[in-house]
Peer 1: 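The structure that follows is given in the form of structure tokens.
If you read the sequence from its start, that first residue is 1, and numbering goes on from there.
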Amino acid sequence: MTPPAIVANLVGQIVIVGTGGAVRLTGSGLGCSTWPQCEPGEFTPRFHEATSIHPFIEFGNRTITGVLGILAIVVALLVFSDRSRSAAYRWLGLAPLAGVAVQAVVGGITVLVDLHPAIVGGHLLISMALIAASTWLLVRSAEGDARPEPLVDRTTYGLRWLLAALTVVVLVLGVVVTGAGPHSGDEEVGYRFAVDPYAMARVHAASVWLFVAVLAVMLWRVLRSHVGGRPRTVGLVLLGVTLGQGLIGYVQLFTGLPIALVNLHMVGAALLAAGVVSFCGTLRTRGPAPVVPGAGAPAAAPLTAV
């Protein structure tokens with residue numbers, strides 16, 4: 001049975017993209033002037049008549065990081081101590097803890113270097129990598145450690161690497177587009193990346209359409225091969241998430257980039273990363289997960305919704 005902490009860890013990794021997006025979109029990245037304290041001598045925001053909302057938004061995001069740290073410790077203890085599983089799976093259980101530690105340091109550096117664009121963008125991309133690792137941990141927790149056996153033909157199975165590569169391209173270009181626009185994270189600077197935002201938006205859109213094309217081909221091949229169940233269901237949900245992301249992207253562009261839509265687009269990117277990993281995980285089987293004495297039968301593989 002998949003430990004609830006593994007599920008909670010993935011949910012938390014997605015949630016913090018939303019709270020981190022709120023920090024960036026409201027220009028609250030320097031709401032706390034230092035790190036790890038919020039203000040010199042104070043770990044929490046100091047309330048006074050001139051206090052703005054920015055310190056509280058930044059402090060809220062830091063609090064979520066603390067919650068994620070606790071979840072990551074629990075996950076590490078549960079997974080790494082499971083001697084019934086392979087060494088590779090057990091080491092994977094340490095990925096969330098290592099990632100949260102890295103993110104805490106990168107977040108602090110971001111404040112100390114006054115929101116340098118490369119650090120700000122890297123902060124988000126590390127979150128995407130953490131979501132991917134946390135999703136893979138969730139997938140692996142519901143299956144065994146036997147040798148992977150593809151459930152689809154060799155071409156379809158091989159296309160998963162192209163889909164993964166395109167996911168990275170889409171996410172990186174998305175970070176550049178946001179950093180080139182008015183919601184780059186600094187109210188005093190109109191952009192963080194000195195590139196044409198509309199040109200970058202077109203390149204980003206082109207990469208998304210290429211991603212959709214590859215995903216559509218994979219889904220067509222899955223449906224044609226009559227592989228039912230999870231590969232088809234998760235693939236169709238991923239296609240829906242992708243098309244929804246595209247719709248939000250175009251609407252936000254033609255409506256002046258409202259903060260709410262931009263933040264929703266960032267959360268959608270997190271769901272996209274999780275969905276791609278989940279879909280790729282459904283294309284092969286590694287047997288049932290070991291049954292822990294007294295725990296009953298293992299739960300069905302999760303993530304049919306992302």
Peer 1: Do Val7 and Thr2 have side chains that approach each other closer than 4.5 Å (heavy atoms only, starting at C-beta)?
Peer 2: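 The answer is yes, as the side chains (C-beta and beyond) meet within the 4.5 Å cut-off.
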Peer 1: Among Val100, Leu130, Ile131, Ile64, exactly one meets side-chain contact (heavy atoms from CB on, under 4.5 Å) together with Ile16. Which residue is that?
Peer 2: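 The residue from Val100, Leu130, Ile131, Ile64 that satisfies side-chain contact (heavy atoms from CB on, under 4.5 Å) with Ile16 turns out to be Ile64.
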Peer 1: Measure the CG-CG distance between Leu97 and Leu94 for me, rounded to the nearest 0.5 Å.
Peer 2: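 If I round to the nearest 0.5 Å, the distance is 7.0 Å.
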Peer 1: Please determine whether side chain to side chain contact (heavy atoms under 4.5 Å, CB included) holds for the pair Leu238 and Leu272, giving the CA-CA distance in whole Å, both sets of side-chain angles, and the decisive distance to 0.1 Å.
Peer 2: CA-CA 7 Å; Leu238 175 58; Leu272 182 72; 3.8 Å; yes
Peer 1: What distance separates Asp145 CG from Ser84 OG, expressed to the nearest 0.5 Å?
Peer 2: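 Reported to 0.5 Å precision, the distance equals 8.0 Å.
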Peer 1: Could you walk me through whether Leu243 and Leu239 satisfy the side chain to side chain contact (heavy atoms under 4.5 Å, CB included) test, starting with their C-alpha distance in whole Å, then the side-chain angles of each, then the deciding distance to 0.1 Å, before giving a yes or no?
Peer 2: CA-CA 6 Å; Leu243 295 178; Leu239 180 61; 4.2 Å; yes
Peer 1: Do Met128 and Val17 have side chains that approach each other closer than 4.5 Å (heavy atoms only, starting at C-beta)?
Peer 2: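 Sidechains of Val17 and Met128: in contact.
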Peer 1: Can you tell me how far apart CZ (Arg224) and OG1 (Thr156) are? Round to the nearest 0.5 Å.
Peer 2: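 Answer for the CZ-OG1 pair, Arg224 versus Thr156, is 7.5 Å.
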Peer 1: Do you know which two heavy atoms are closest between Ala5 and Leu78, and how far apart they sit?
Peer 2: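 Smallest interatomic distance, heavy atoms only, reads CB-CD1, 4.0 Å.
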Peer 1: Among the clusters formed by ILVMFWY side chains lying less than 4.5 Å apart, do Ile248 and Ile259 turn up in the same one?
Peer 2: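 Shared cluster, no.
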Peer 1: Is there a donor-acceptor contact under 3.5 Å from the side chain of Arg90 to the main chain of Phe80?
Peer 2: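 Yes; judged by distance alone, with no hydrogens or angles, the pair exists.
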Peer 1: Considering the options Thr155, Val152, Val227, which one meets the side-chain contact (heavy atoms from CB on, under 4.5 Å) requirement together with Arg221?
Peer 2: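 By the side-chain contact (heavy atoms from CB on, under 4.5 Å) criterion, Arg221 pairs with just one of Thr155, Val152, Val227: Thr155.
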Peer 1: If only side-chain N and O atoms count, and only distance matters, is there a donor-acceptor pair under 3.5 Å linking Gln103 with Ser127?
Peer 2: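 Yes, side-chain donor-acceptor contact under 3.5 Å.
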Peer 1: Indicate yes or no for a side-chain donor-acceptor contact from Ser81 to the backbone of Leu77 under 3.5 Å, with no hydrogens or angles considered.
Peer 2: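 Side chain of Ser81 to backbone of Leu77: a pair is present.
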Peer 1: Could you tell me which non-hydrogen atom of Leu137 sits nearest to which non-hydrogen atom of Pro96, and how far apart they are?
Peer 2: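 Minimum heavy-atom separation between Leu137 and Pro96: CD2-CG, 4.3 Å.
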Peer 1: For the residue pair Ile6 and Leu71, establish whether any side-chain heavy-atom pair is separated by less than 4.5 Å.
Peer 2: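 No, side chains not in contact.
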Peer 1: Do Trp209 and Leu159 share a hydrophobic cluster, counting only Ile, Leu, Val, Met, Phe, Trp and Tyr and linking them when any side-chain heavy atoms are less than 4.5 Å apart?
Peer 2: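 Cluster IDs for Trp209 and Leu159 match.
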Peer 1: Do the numbers put Arg160 on top of the ring of Tyr157, so that NZ or CZ is under 6.0 Å from the six-membered ring centre and no more than 45° off the axis?
Peer 2: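 Cation-pi check for Arg160 and Tyr157: passes.
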Peer 1: Compare every heavy atom of Ala205 with every heavy atom of Tyr250, then report the nearest pair and how far apart it is.
Peer 2: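 Looks like OH-CB, 3.9 Å.
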Peer 1: Nearest 0.5 Å please: distance from the CE atom of Met266 over to the CD atom of Gln245.
Peer 2: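 Answer for the CE-CD pair, Met266 versus Gln245, is 10.5 Å.
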Peer 1: About how many Å separate CG of Asp196 and CE of Met200, when rounded to the nearest 0.5 Å?
Peer 2: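 If we round to the nearest 0.5 Å, Met200:CE and Asp196:CG are 9.5 Å apart.
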Peer 1: Where do Leu236 and Leu219 come nearest, in terms of heavy atoms and distance?
Peer 2: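 Nearest pair, atom of Leu236 first, then Leu219: N-CD2, 3.8 Å.
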Peer 1: Rounded to the nearest 0.5 Å, what separates atom OG1 in Thr285 from atom CZ in Arg230?
Peer 2: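 With rounding to 0.5 Å, OG1 (Thr285) is 10.5 Å from CZ (Arg230).
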Peer 1: Under a 4.5 Å side-chain heavy-atom rule over Ile, Leu, Val, Met, Phe, Trp and Tyr, are Leu68 and Leu138 clustered together?
Peer 2: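 Cluster IDs for Leu68 and Leu138 differ.
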Peer 1: What are the two closest non-hydrogen atoms of Leu10 and Ser134, and how far apart are they?
Peer 2: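 Smallest interatomic distance, heavy atoms only, reads CD1-CB, 4.0 Å.
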Peer 1: Going hydrophobic residue to hydrophobic residue with side-chain gaps under 4.5 angstrom, can you get from Leu264 over to Leu171?
Peer 2: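 Leu264 does not cluster with Leu171.
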Peer 1: Donor-acceptor pair, Arg286 side chain versus Arg147 backbone, under 3.5 Å?
Peer 2: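 Such a contact is absent between Arg286 side chain and Arg147 backbone.
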Peer 1: Quick one: does Leu253's side chain get under 4.5 Å of Tyr198's, heavy atoms only?
Peer 2: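 Yes - at least one pair of side-chain heavy atoms lies under 4.5 Å apart.
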Peer 1: Is Leu210 reachable from Val212 through a run of I, L, V, M, F, W or Y residues, each pair having side-chain heavy atoms under 4.5 Å apart?
Peer 2: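 Yes, Val212 connects to Leu210 through the hydrophobic network.
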Peer 1: Considering non-hydrogen atoms only, spot the tightest contact between Ser86 and Arg140 and give its length.
Peer 2: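 Smallest interatomic distance, heavy atoms only, reads OG-NH2, 3.9 Å.
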